[in-house]
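The structure presented is a predicted model; accordingly, all values stated were derived computationally and were not measured.
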Amino acid sequence: LFRSTESTVAKTEFEIPGSKVCTSLFKDKKKALYRDRFDLDILLSLGYSISRDAATGRPPHIWLPHLTNSSQATTAAFVHLAYGNVANPDHSEGRIPDHKLYDYTYEMAGLLNPFLSETRPLRWAGVLFSEEARNRYFHVSDLAEWENVLFPTVSAWEMLIRRRVPAGVITDWQLSINETSGSALYDEGYRAVIVPIANLTVSQERGIAQFEKNGGRVYRLHAGKVWENSDARRSQEEALWLQIAKEVGNPPVRISINTGANSTLRVHASVLKSNESAYTILITNDFLWVYYRYSIPGEVSGAVVELSGVRAHSVSATDVLGHGFLKPESSGDGTWTIVLPPFAQYFAASFVCSEGCW
């Protein structure tokens, strides 16, 4: 559905991945599934990433309706710039141009655009999102779709997003479109691919084998009740993460938060690549308040960008929106850290390596 052509571009809306249609299975507060439901920001981010990654370089347009103040508008736009999508704020025709609502949003976009133009998401770990597998259960029940496909798929995505590492979604056709699909994934930067379904097609298995032949690691998950219970699910996610970290090594970029409850903070991070030497990191604080009218989240402090395996001798970094310089520090073994200042709703940083980062 999201696969773009020369004459089409995908479109969706800010809140659709978390809409009642998508979450109807979890609405009954008397059932365990309500208690064990996924956090809404995880469902939203998966929807945004499917839109982005299936578009193969033609970013989808994300409509942003019902914005009532400048802070909402700016945060909503930043979220979708972070996820590599085109943010389309809704303008009331009777108030165009609405300077009070949108002036700062466009000012922010103007500051970001030089760093985002011609970028691509940095890849490291990918999750196969199989519409074909899900659709096999479409006429059975919502629960069958979740038990056999969606629970392990969303769990794998949750594991990556909560650890703030470069992550992407791989579609059925991207894994099997031609004889070199697996090599293309590796060349794009993927080093780990998580397969959350049991039965792949022959062409998909060929793509997986090719990815492994190139040096990538594949992690196959199995459906089961373990993914339905939130505590058991997070235990499985932690075990999977430790296995990937042991076998694949550290991701090239990771954002850590040196505060309590680190793994449960709704702080998302995206890394966009301009070239082999220049990258931009966009970090969003809990953005659910924009549409779900939660309280605006508190300030994030203790955020650190961790770079691993860097071969460059020097790294410089900039606070894109604050116009200040950051201070990367090297441990001497290819590891660099960049301590970020406290921020409220979002933060953008760029870093440049002297002669190619990796």
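For Arg311, the side-chain hydrogen bond (donor to acceptor under 3.5 Å, both in side chains) test picks out no residue, with sequence neighbours left out. With sequence neighbours left out, Thr153 forms a side-chain hydrogen bond (donor to acceptor under 3.5 Å, both in side chains) with no residue at all. When the ring pair (Phe, Tyr, Trp, His ring centres under 6.0 Å) test is applied to Tyr291, the partners found at least two apart in sequence or on another chain are Phe14. Qualifying side-chain hydrogen bond (donor to acceptor under 3.5 Å, both in side chains) partners for Asp36, counting only residues two or more places apart in sequence or in other chains: Ser230. Applying the side-chain hydrogen bond (donor to acceptor under 3.5 Å, both in side chains) rule to Tyr346 yields no partners; only residues at least two apart in sequence or on another chain are considered.
For the disulfide bond (SG atoms under 2.5 Å apart) condition, the pairs that include at least one residue of residues 272-358, sequence neighbours left out, are Cys353-Cys357. Within the structure, no pair that satisfies the ring-ring contact (aromatic ring centres under 6.0 Å, His included) test touches residues 214-254, not counting sequence neighbours.
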Exercise for the section: Give the C-alpha distance, both sets of side-chain angles, the deciding distance and a yes or no for salt bridge (Lys or Arg N to Asp or Glu O under 4.0 Å) between Arg123 and Asp53. Expected result: CA-CA 11 Å; Arg123 308 299 194 186; Asp53 294 335; 3.0 Å; yes

Practice task
Check step by step if side-chain contact (heavy atoms from CB on, under 4.5 Å) holds for Met108 and Leu81.
Solution key: CA-CA 11 Å; Met108 176 201 69; Leu81 291 174; 4.2 Å; yes

Exercise for the section: Let me see the working for Thr12 and Ser51 under side-chain hydrogen bond (donor to acceptor under 3.5 Å, both in side chains), right down to the final yes or no. Expected result: CA-CA 8 Å; Thr12 186; Ser51 305; 5.3 Å; no

Exercise for the section: Output, in order, the C-alpha distance, side-chain angles, deciding distance and verdict of side-chain contact (heavy atoms from CB on, under 4.5 Å) for Leu64 and His80. Expected result: CA-CA 10 Å; Leu64 309 178; His80 286 289; 3.6 Å; yes

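Classified by interplanar angle (parallel below 30°, tilted 30° to 60°, perpendicular above 60°), the ring pair Trp358/Phe351 is perpendicular.
Put simply, the side chain of Ser155 gets close to the backbone of Phe151: a donor and an acceptor are under 3.5 Å apart. Judged purely by atom type and a 3.5 angstrom limit, Asn148 has no side-chain atom pairing as donor or acceptor with the backbone of Tyr137. A donor-acceptor contact shorter than 3.5 Å is absent between the side chain of Glu145 and the backbone of Asp142. One N or O on the side chain of Asn275 and one on the backbone of Ser277 form a donor-acceptor pair closer than 3.5 Å. Remark: the backbone N or O of Ile42 is not paired with any side-chain donor or acceptor of Asp39 at under 3.5 angstrom. Remark: the backbone N or O of Val267 is paired with a side-chain donor or acceptor of Arg164 at under 3.5 angstrom. Not a single donor-acceptor pair under 3.5 Å links the side chain of Thr318 to the backbone N or O of Val320. Checked by atom type and distance alone, the side chain of Ser141 pairs as donor or acceptor with a backbone atom of Ala144 at under 3.5 Å. A donor-acceptor contact shorter than 3.5 Å is absent between the side chain of Asn250 and the backbone of Ser308. Asp319 places no side-chain N or O within 3.5 Å of a backbone atom of Gly324 that could act as its donor or acceptor partner.
In this structure, Asp172 and Ser130 approach most closely via the heavy-atom pair OD1-OG, 2.8 Å. Across every non-hydrogen atom of Thr105 and Ser70, the tightest pair is OG1-O, 4.3 Å. Between Tyr102 and Ala73, the shortest heavy-atom distance links the atoms CE2-CB, 3.8 Å. In plain terms, the two heavy atoms of Trp289 and Pro297 that are nearest each other are CD1-CD, 3.3 Å.
In this structure, CD on Glu237 lies 6.5 Å from CZ on Arg163, to the nearest 0.5 angstrom. Here NZ of Lys246 is found 8.5 Å from CD of Gln243. Values are rounded to the nearest 0.5 Å. For the atom pair CG of Leu326 and OG of Ser350, the computed distance is 8.0 Å after rounding to the nearest 0.5 Å. Between the OG1 atom in Thr74 and the CG atom in Leu321 there is a gap of 10.5 Å [rounded to 0.5 Å].
Summarising the local packing, CD of Glu355 is surrounded by more than 12 heavy atoms from other residues, nucleotides or ligands at distances under 6.0 Å. Heavy atoms from other residues, nucleotides or ligands lying under 6.0 Å from CZ of Phe138 number 12 at most. In this structure, Glu329 places its CD atom where only 12 or fewer heavy-atom neighbours from other residues, nucleotides or ligands lie under 6.0 Å away.
Clustering of Ile, Leu, Val, Met, Phe, Trp and Tyr by side-chain heavy atoms under 4.5 Å joins Trp63 with none of the others. Annotation for Phe325: hydrophobic cluster partners, listed by chain and number, are none (ILVMFWY side-chain heavy atoms under 4.5 Å, direct or chained). Ile96 belongs to no multi-residue hydrophobic cluster, having no ILVMFWY side-chain contact under 4.5 Å with any other such residue.
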Name each donor-acceptor pair under 3.5 Å that joins a side chain in residues 333-343 to protein atoms two or more places apart or in another chain, with its distance.
from: Asp333; atom 1: OD1; to: Ser331; atom 2: OG; distance (Å): 2.4
from: Asp333; atom 1: OD1; to: Thr335; atom 2: N; distance (Å): 3.2
from: Asp333; atom 1: OD1; to: Thr335; atom 2: OG1; distance (Å): 3.2

Got a list of side-chain donor-acceptor pairs under 3.5 Å for residues 83-93, not counting sequence neighbours?
from: Tyr83; atom 1: OH; to: His268; atom 2: ND1; distance (Å): 2.7
from: Asn88; atom 1: OD1; to: His61; atom 2: ND1; distance (Å): 2.9
from: His91; atom 1: NE2; to: Tyr106; atom 2: OH; distance (Å): 3.1

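For the residue pair Gln72 / Thr68, a side-chain donor-acceptor distance below 3.5 Å is found, with atom types taken as modelled. Side chain to side chain, Ser176 and Ser181 fail the donor-acceptor criterion of an N or O pair below 3.5 Å. Defined by atom type and a distance below 3.5 Å, a donor-acceptor pair is present between the side-chain atoms of Asn178 and Thr180. Under the 3.5 Å distance criterion, with hydrogens and angles disregarded, a donor-acceptor pair is assigned to the side chains of Ser71 and Gln345.
For the pair Arg134 and Phe129, the cation does not sit on the ring face, since its NZ or CZ is not both under 6.0 Å from the ring centre and inside 45° of the axis. Cation-pi geometry between Arg191 and Tyr186 is met: the NZ or CZ atom falls under 6.0 Å from the ring centre, inside 45° of the normal.
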